[in-house]
A.B. asks: 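I have a structure here, written as structure tokens, and I will follow up with some questions on it.
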Protein chains: 2
Amino acid sequence: MAGRTRSNPLALAVLCLLTERPMHPYEISSTLRERHKEASIKLNYGSLYSVVDSLQRRGLIAPQETVREGRRPERTVYTITESGITEMTDWLSDLLARPAQEFTRFEAALSLMPILSPGEVLRLLEIRLRSLRAQETAYEATFGGAPGAFPRLFLIELEFKARLLRAEIEFVDALADELRSGTFEGIKLWRRMHELRLAGTSPERIEQLLTEEFREEMSWLTELTDRG
Amino acid sequence: MAGRTRSNPLALAVLCLLTERPMHPYEISSTLRERHKEASIKLNYGSLYSVVDSLQRRGLIAPQETVREGRRPERTVYTITESGITEMTDWLSDLLARPAQEFTRFEAALSLMPILSPGEVLRLLEIRLRSLRAQETAYEATFGGAPGAFPRLFLIELEFKARLLRAEIEFVDALADELRSGTFEGIKLWRRMHELRLAGTSPERIEQLLTEEFREEMSWLTELTDRG
DNA sequence: CAGCGAATACTCTGGATCGAGTATTTGACG
DNA sequence: CGTCAAATACTCGATCCAGAGTATTCGCTG
């Protein structure tokens, strides 16, 4: 029943908030913002209203009343239904218990990295590192500084974010170091590849030359093509 | 010029591959798979063809020829254009140099976690932990085992993935430990909240009682509402 | 009390995306 | 040499979603 409809976590957030009390969409969005959930759950109006619509069509929430305050536009207040509560519990449990493939942009970029030259990649990673370190300092200032200012129970996702940030800093720092010192495995092949490309060598010729010059490093390739 | 059109990293991957040599869409997809890039870049046919279309409309790639092999359906082979190369370089550089907000599902789930009871969350996290550890073992078997089987240069994103996985394991493990031993900050408040909810207490009454019973832990709330 | 920016509260549109479906061909096996 | 699965090579349609746009009202300042 759920399947593909469980794509946008914003829908889950809506269900969770409506468990507390009935709200209208805009109130949902401002509550999420107040609680700093926009840092972990992508929120924009366009999606919010369409997500609310879809939840209603699926019978997981229901309009309770439409009120008009002063001459403001009408607001539709929604309640969660029985099946909405079930869906929320199931979905949230699933997200917590089952790791899912996540695709981050940085990962994608790393996977395509060899297309730039090692020197250029080093330069870019150094820039990234500065940003990441600044972010970490900002985190520490906000949460490390005032203990108990905001209870940990309601901030746990930021703690997780901070851990991932730390891991990324360590990774990027180590990688940059290896590029700087030239100890990165395969950097000679990588440099030669760009040398040839700059010289206007054709892709086929590049592959041929590299396979000759770096027999050992390229053995995986010949094995692959031998098998295929 | 680019802006919102830089949303799907699959488009970047297409540009990168066409830098090597002209290809038709299906060849692009199989090459990505051969190189294990589908682990870092979400790939599905529907998106691939629409992404290729959009790249062509934007003049970043151009159809080179349509060939027919045997009685197979026609295939359109695409080349990258000059502006395509520029766009690729700019985009990839940007992704490497500038950290972007990433929204993972687990983070979203963590941020909504308090809606489940602490006991239930512990149970779910323990399940997650088992999966995560199994994943880590699988990684080690594949890459740690045979050094040089696949050159590090073309696998760097998986190394990054492994680091993030490690960080997540450490985080979840520590959190589960605190829940198990009851040392998690705010766990009493959390438990009481669920006790009241189970007893059918109304949301308003719950908030009132909690504010009374946990004056210190809830100070952030009263401060918030006082200010607003 | 006039004016202006911020907040309230959405709506609309066009493009992005995803999964499922389709039709052919090759290769393996008995 | 028949057939059955896997690989090849897409197409289609129904959602989904992002961002910009709109209209009103509140609150502050001079």
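Quick note: numbers below take in every heavy atom, side chains included, and nothing from hydrogens, waters or symmetry partners. Lettering of chains follows the sequences in order, A, B, ..., and the numbering in each one begins at 1. Just so it is clear, the structure is predicted and the values come from calculations on it, not from any experiment.
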A.B. asks: Output the rounded distance in Å from CZ (A:Arg75) to P (C:dA7).
C.D. replies: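 Distance check: A:Arg75 CZ to C:dA7 P gives 18 Å.
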A.B. asks: Can you list, by residue number, the residues of residues 88-99 of chain B that have a non-hydrogen atom closer than 4.0 angstrom to DNA chain D?
C.D. replies: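 Residues of residues 88-99 of chain B under 4.0 Å from DNA chain D: none.
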A.B. asks: Does a salt bridge link B:Glu204 with A:Arg21, judged by any charged N lying under 4.0 Å from a carboxylate O?
C.D. replies: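 So B:Glu204 does not pair with A:Arg21 through a salt bridge.
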A.B. asks: Atom OH of A:Tyr78 and atom C1' of C:dA9: how far apart are they, to the nearest Å?
C.D. replies: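 Value for this atom pair: 13 Å.
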A.B. asks: Who passes side-chain hydrogen bond (donor to acceptor under 3.5 Å, both in side chains) against A:Thr19, sequence neighbours left out?
C.D. replies: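 With sequence neighbours excluded, A:Thr19 shows a side-chain hydrogen bond (donor to acceptor under 3.5 Å, both in side chains) to no residue whatsoever.
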A.B. asks: Restricting both atoms to N or O, compile the protein contacts to nucleotides 15-18 of chain D shorter than 3.5 Å, with distance only.
C.D. replies:
{"residue": "D:dC17", "atom": "OP1", "partner": "A:Ser7", "partner atom": "OG", "Å": "3.4"}
{"residue": "D:dC17", "atom": "OP2", "partner": "A:Asn8", "partner atom": "ND2", "Å": "3.3"}
{"residue": "D:dA18", "atom": "OP1", "partner": "A:Lys42", "partner atom": "NZ", "Å": "3.3"}
{"residue": "D:dA18", "atom": "OP2", "partner": "A:Asn44", "partner atom": "ND2", "Å": "3.1"}
{"residue": "D:dA18", "atom": "OP2", "partner": "A:Ser47", "partner atom": "OG", "Å": "2.3"}

A.B. asks: Apply side chain to side chain contact (heavy atoms under 4.5 Å, CB included) to A:Leu155 and list each qualifying residue two or more places apart in sequence or on a separate chain.
C.D. replies: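 A:Leu155 satisfies side chain to side chain contact (heavy atoms under 4.5 Å, CB included) with A:Phe143, A:Phe150, A:Leu158 only.
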A.B. asks: Tell me the interatomic distance from A:Tyr26, atom OH, to D:dT25, atom P, rounded to whole angstroms.
C.D. replies: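 These atoms are roughly 15 Å apart.
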A.B. asks: In chain order, what residues pass the side-chain hydrogen bond (donor to acceptor under 3.5 Å, both in side chains) check against B:Tyr26, with sequence neighbours excluded?
C.D. replies: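 Expected list: none.
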A.B. asks: Kindly write out the residues that satisfy side-chain hydrogen bond (donor to acceptor under 3.5 Å, both in side chains) with A:Gln135, not counting sequence neighbours, or none if the list is empty.
C.D. replies: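 Once residues adjacent in sequence are excluded, A:Gln135 has no partner under the side-chain hydrogen bond (donor to acceptor under 3.5 Å, both in side chains) criterion.
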A.B. asks: I need the OH-P distance between A:Tyr49 and D:dT22, as an integer number of Å.
C.D. replies: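 Interatomic distance, OH of A:Tyr49 to P of D:dT22: 17 Å.
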A.B. asks: Distance check needed: D:dT8 P versus B:Ile28 CD1, whole Å only.
C.D. replies: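 One finds 15 Å between P of D:dT8 and CD1 of B:Ile28, rounded.
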A.B. asks: Between A:Arg75 and A:Glu27, is the closest basic N to carboxylate O distance under 4.0 Å?
C.D. replies: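 A:Arg75 and A:Glu27: not salt-bridged.
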A.B. asks: If I take atom CZ in residue B:Arg33 and atom C1' in nucleotide D:dA6, what distance separates them, rounded to the nearest angstrom?
C.D. replies: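 So the CZ-C1' distance, B:Arg33 to D:dA6, works out to 12 Å.
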A.B. asks: Would you mind reading off the distance between B:His24 atom NE2 and D:dT11 atom C1', rounded to a whole angstrom?
C.D. replies: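 Distance, rounded to whole Å: 17 Å.
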A.B. asks: Looking at residues at least two apart in the chain, or sitting in another chain, which of them share a side chain to side chain contact (heavy atoms under 4.5 Å, CB included) with B:Gln208?
C.D. replies: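 In terms of side chain to side chain contact (heavy atoms under 4.5 Å, CB included), with neighbours along the sequence ignored, B:Gln208 is linked to B:Arg205, B:Glu212.
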A.B. asks: Enumerate the salt bridge (charged side-chain N to carboxylate O under 4.0 Å, His left out) contacts for residues 38-53 of chain B, please, sequence neighbours excluded, ordered by first and then second residue.
C.D. replies: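 Qualifying pairs, neighbours excluded: B:Asp53-B:Arg57.
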A.B. asks: Atom CD of B:Glu34 and atom C1' of D:dT8: how far apart are they, to the nearest Å?
C.D. replies: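 B:Glu34 atom CD is separated from D:dT8 atom C1' by 14 Å.
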A.B. asks: Under the rule for side-chain hydrogen bond (donor to acceptor under 3.5 Å, both in side chains), what residues qualify as partners of A:Ser47, not counting sequence neighbours?
C.D. replies: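 In terms of side-chain hydrogen bond (donor to acceptor under 3.5 Å, both in side chains), with neighbours along the sequence ignored, A:Ser47 is linked to A:Asn44.
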